[in-house]
Amino acid sequence: MRFRTLAIDFDSTLVEAESLEMVCAKALAERSDADEIMREVQHITNLGMDGTIPFDESLSRRVALVAPKREHVEEVAKELRERITKSFLTNLDFLKANVEIAIVSHGFVELIEPAAQRVGIPKERIYAHTFKYDESRTVIGAEESSPVTGAHGKTRALEVSGLPRPLVMVGDGYTDAETKLLGAADVFIAFVEHVRREKATAHADVVAASFDDVRTYLEKGAA
Ligand SMILES: [Mg+2]
């Protein structure tokens, strides 16, 4: 099979970090109870990633705990440009020459765009949430109109994207695995270079230790 699209998760896949946790850490930096709140934030992140609670709930609980500001978002977006997964960068020329690349994420366009720009992925190929702010520039949630909003958001976004098939989804979370389980992706590659989640690897066609393995799979598929 010759694959035509590589859809890539952002947090802990295209970049080595969890972007919303970075925003939370920055927003909490001057608080004495920062460690305690960060542990709770990470716990809620994991519940969302495992599919135990819906994304909307996981986000609203985290932003209510932390109340990040627009400047925290802007600073982290710049930092993420420097946190792109090394094995993605070393395989970028191959990937660009062989597949259409899209980012499908339960992260936020504002955080993803500078990193995407660095590797030449256009904004139209970013399927993610957008922050909603109040009048004091504090994050209060996500805009409901984004392509990944609601149940099975990543799957829905891929279904309506018009991205050419066959399509390979790469990611570390259950919502990434779900795109294949629900038929919006033809292959799911569990990406474990940064974090290994059993709820993702259990449903994987392939487990990739880095983008070298993703490349090898695509090359085999293209043969
Ligand atoms: Mg991820």
Side-chain angles (χ1 to χ4, degrees), residues 5-25 38 41-59 62 73 76-77 79-81 83-89 91 95 101-116 119 121 125-131 142 146-149 151-158 167-182 184-185 187-211 213-214:
T5 300
L6 185 67
I8 305 176
D9 169 52
F10 186 70
D11 295 296
S12 297
T13 302
L14 186 67
V15 291
E16 61 196 15
E18 289 292 323
S19 56
L20 192 60
E21 283 186 14
M22 287 171 69
V23 172
C24 292
M38 270 315 286
V41 164
Q42 277 153 5
H43 173 64
I44 300 168
T45 302
N46 284 325
L47 290 179
M49 220 112 50
D50 289 347
T52 309
I53 59 172
F55 170 78
D56 299 5
E57 182 185 336
S58 132
L59 177 71
R62 284 177 289 172
V73 170
V76 169
E79 291 171 17
L80 284 165
R81 275 179 68 92
R83 309 261 330 246
I84 296 171
T85 299
K86 302 281 179 301
S87 66
F88 181 79
L89 294 175
N91 286 293
L95 295 174
I101 304 174
I103 298 171
V104 186
S105 170
H106 277 305
F108 291 82
V109 173
E110 298 96 314
L111 292 168
I112 295 169
E113 211 185 344
V119 294
I121 301 172
R125 287 282 172 263
I126 303 173
Y127 302 88
H129 297 280
T130 303
F131 281 119
S146 94
V148 290
T149 296
H152 317 301
K154 286 187 174 186
T155 301
R156 203 87 53 92
L158 285 178
L167 178 149
V168 177
M169 179 77 211
V170 184
D172 64 293
Y174 177 73
T175 56
D176 304 313
E178 200 182 55
T179 62
K180 158 82 188 294
L181 296 173
L182 298 177
V187 168
F188 169 58
I189 301 181
F191 190 77
V192 301
E193 183 167 350
H194 306 304
V195 53
R196 187 186 183 97
R197 299 178 198 282
E198 297 310 321
K199 277 202 165 181
T201 56
H203 300 290
D205 297 290
V206 184
V207 175
S210 74
F211 275 96
D213 290 347
V214 174

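We count ligands from 1, going down the list as the structure has it; atoms in each ligand are counted the same way.
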Any N/O/S of Asp172 under 2.8 Å from the Mg ion (ligand 1)? yes
From the list Asp172, Asp176, Asp11, salt bridge (charged side-chain N to carboxylate O under 4.0 Å, His left out) partner of Arg197 resolves to Asp172
Please assess Arg62 against Thr45 for the test side-chain hydrogen bond (donor to acceptor under 3.5 Å, both in side chains), listing each intermediate value before the final yes or no. CA-CA 8 Å; Arg62 284 177 289 172; Thr45 302; 3.1 Å; yes
Does Glu198 pair with Arg196 as a salt bridge, N-O distance under 4.0 Å? yes
Checking Thr85 against Glu193: is there a side-chain donor and acceptor pair closer than 3.5 Å? no
With a cut-off of 2.8 Å, does Asp176 place any N/O/S atom under that distance from the Mg ion (ligand 1)? no
Tell me which N, O or S atom of Asp9 sits nearest to the Mg ion (ligand 1). OD2
Of all N, O or S atoms in Asp11, which has the smallest distance to the Mg ion (ligand 1)? O
